[in-house]
Amino acid sequence: MHPITNTPYELLSPWEPNLLAMAVYVSAVVIAMAVVLILTARLGPKNPNPNKSRVYESGVIPSGQAQFDFPVPFYMIAAFFLIFDVEAAYIFSWAVAFKPLGFGGWIKITFFILVLLISLFYVWAKGGLDRGISARGADKR
Amino acid sequence: MSRSDYRDKSRSVSPGPDGGEPAARDPHTRDPHTMDTVINWCRQYSLWPLFFGLSCCFVEQAAAFASRYDIARFGGEVFRGSPRQADLLIVSGTVFKKIAPVVLRLYDQMPDPKWVISMGSCANCGGMYDVYSVVQGVDQILPVDVYVPGCPPRPEALLQGLIMLQKKIMETERPAAAVLRKGGTEGSREALLKAGKTKSRDTRGPGYIDIPERGTSVRPPQFYGTRSDLMWTPPPHRIELTEHQTTLTEALTARFPGVVRQESPTSDMPSFQVSGDRIKEVLRFLKSDSDPEFLRLDDLTAIDESARRRPKGKTGPTPDFTMVYHLLSFDTAERIRLKVGLKGRAPKTPTVTDIWPSAGWYEREVYDMFGITFDGHPDLRRLLMPHDWEGFPLRKGYPGRATDMAPYTLKGAEGHEPLDAETALAGKVESGRYFILNFGPHQYCTHGVIRHILALRGEKIAGMDIDIGYHHRGAEKIGEHQSWHQFIPYTDRVDYISGAANNLSYVHSVETLTGVAAPVRAQYIRVLLAELFRLSNHLVWLGTAAHDVGMMSPAFYTMREREEILDIAEMITGGRLHTAWFRIGGVAQDLPEGWKAPVDAFLKKFPGRLREYERMILNNPIFKGRTQGIGRLTRKEAMEWGVTGPNLRACGVEWDLRKKIPYSVYEDFDFDIPTQTGGDCYARFLVRIEEMRQSLRIIRQAAGNMPGGRYITDDYRYSIPKKPDTLEDIESLIHHFINATRGPKIPKGEAYTATEVPRGEQGYYIVSDGLNMAYRMRIRAPGFANVQAIPLMAEGETVADFAAILGSVDYILADVDR
């Protein structure tokens, strides 16, 4: 990285990393946005009407609510990832200390991995890894 | 403040500084301030039109922003998808009573100041569509700044409209004072017009008093003043049943003695009267047990018999309504017709939805239009008309013309909101479990005004309902008051991108009924134009469907080729979209001198372009990812649901009317039927691309082998004679006079034929009662059946895939709703 010098040219140069150029840029953005927003808010004509304040949904009045039980199809997968990922950390730490732990350590970690695998298959069998609706709306009923 | 008040307030001219008369009622009362000029200059060159199209005019509007015309050069910017980002509403096309509340809402949701251009005769005054479902001019519900006349106006006309609006902004608006809240003027400021008070109710405009209205003046139920009865015609064309059809007839009457009665003779296909209570047995037999099996319900409709004119002295029981079923067999490529007479003013008949699920919409349409109830129908409610509509439009006593009804006003638009989405989905999905999304009527991907109501679970579609009828132009009712020739321009507008191909379906039916044979040259001209329009249609489709899955560029390329095709069509016919070029017994005029050179030039250029599109679109890995395996339809479903055209062929069914039931000398041409077996969106793309190549082959043969001879039949009884002939002999002169004024009388009878238009099979079922107009004009639209099958493809897919599915199905609303 170049050393930070203090000549005025370099202070304002966009090619040199320095705080002043950044500050000028940020304030220019803030001022420009404020001018646009305040001017339109102050000067733009306002003719409020019930339709204008309504949500636009392809031209018809929307039904139902915007707050609803939103299904998060990735949620389960994310949760399982976290669980299995944390357990992978144990395996790494065992691998680092492979020699001092010896054969006993190997037996224990094998058992551990076996438990992990069984639980993975269990989750799989229970449909924990599926997400959303299968084709042709089978989930409908 | 009532809802109407705020409109009047917001749209009226702001009062002057002294609170007195509006300052700028006369634009010249005050000279523009420099500030005015600056603001107006900025505004006039950055108008943001809303991406909003109603019907045919929008196609020309789309041409105006595509490659050749490029509206952005004039300061009309990129079309915005949301009203929040737009300040110019171009009302392009017919304003339907069902869509009017939506138009009004979109206008209300646009920020001020805003302007309105009314594009095309329909938006201006109702135009050709003086019919129950159409608002006779958008200026009755919105303030209009500029009217662009035409049906449809050319893109240049829209550009001129835009320039006029810019001029209006600069010359008459004084926004500086308005910006400072001190009076001034900006945006639309014309008051709404009141039909019959501040505007003429005549759809042709003022000045037509005492000139007869469009269409025949003879009206049902009495048909007073008809002169057709004084005219003689030969009997309609009669067919001989083939040996095979005779066997079928015998088998059917033997299996159901006393129930099924053959009607003989007929003009088009074997036809049977069936007694009402046994119709389902007969249909079930024909679908699965007869030889051949009639796997497809081609069409289902009804006729109101109350205005039938019966020969004197003939009495006996007559039905009040007749149900008509047309069935098609894929094995032998033949159709049969079944008719059931119904008694009473609000009759009932059993539903056939358990035999053909595709009957669902057809029966709802019959219920909507005739008030016939179907016992056991799972979802019997209005289909085309708004849910709160009163009356049954296709009954004979119902007023056909909008000008016979009370004028449509702002109140009408405010009081009739489209059906609530939750109500529409009731019975389809469990209430409250799903997120409900209205996909349309105003949406980029819907390609017109149609409303898909989706029940979503996350991003996936769990169930859906389709609300159609936003584009219902009452073409079938109009057919009952236009003379046989006058109806031809209306056929153009049924599938407004396919132009002359529509004419062919109609004249083919009339010619089947009358037995008029068009000369071979005329048939070749018809094929040439029909195939050119198939190319034109597929090009529009290719560009827009690729756009739907995220490719911006193809639309600009395909619109370029389309303009070249339209140039050829214009050179031959004089029209771009709506050619109205075919006539009963031939075509309107001979090919012009020098027609061949541009056709040949196009034939030379196009194959290369097509290869380019294939490389650009079909080989693109992202495009493949978006379309392969998406929106699958199985072969059996496609056949049973009446899906036709490329959508059917993409499911592996080798079925094309041009080959299977040839018409208009298609048997002379050498071409293949492209098919795919995937049944998914990608397969539908492949089929259409290959179809373009086949169309090109047909055009090459038609242009190369164009025979000489007449362009219209020399039997002038039903057709409009050549003008020179009328100057030679009195017979031709009389026929010209009669057929060009009140129109020919078509003998009593009926005929159903269909042709392969770009979107599938478009059929006309015409019923004549021996008058100069149809007694019943039924249009079997390919889009109707294709769109009905969309839930089969879409349920279980994601919303993003839904856009790809809609694009690949290729429907057009004028065709779906007619």
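Lettering follows sequence order; numbering is per chain, from 1. Just so it is clear, the values below take in all heavy atoms, side chains as well, and ignore hydrogens, waters and symmetry mates.
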>> A quick test of your reading: do over 12 heavy atoms of other residues, nucleotides or ligands sit less than 6.0 Å from OH of Y444(B)?
In response: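 Yes.
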
> Around F84(A), counting heavy atoms of other residues, nucleotides and ligands shown, do more than 12 lie under 6.0 Å from its CZ?
Replying inline: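 Yes, the 6.0 Å shell around CZ holds more than 12 heavy atoms from other groups.
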
Counting heavy-atom pairs under 4.5 Å to chain A, which of [options] comes out on top?
{"options": "G81(B), P441(B), P418(B)", "result": "P441(B)"}
{"options": "R84(B), M110(B), E422(B), Q443(B)", "result": "R84(B)"}
{"options": "I436(B), I99(B), V102(B)", "result": "V102(B)"}

> Where does P111(B) contact chain A at under 4.5 Å (heavy atoms): side chain, backbone, both or neither?
Replying inline: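 Only the backbone of P111(B) comes within 4.5 Å of chain A.
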
> Tell me, side chain or backbone of F439(B) under 4.5 Å from chain A's heavy atoms, or both, or neither?
Replying inline: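 The answer is the backbone of F439(B).
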
> Where the side chain of Q109(B) meets the backbone of N51(A), is there a donor-acceptor pair that is under 3.5 Å apart?
Replying inline: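 Judged by distance alone, yes, a pair lies under 3.5 Å.
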
> Between N438(B) and S58(A), is any side-chain donor less than 3.5 angstrom from a side-chain acceptor?
Replying inline: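 No - no donor-acceptor pair under 3.5 Å links their side chains.
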
>> Under the side chain to side chain contact (heavy atoms under 4.5 Å, CB included) test against V138(B), which residue among L89(B), L54(B), L104(B), V91(B) passes?
In response: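 It is V91(B); the other options fail the test.
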
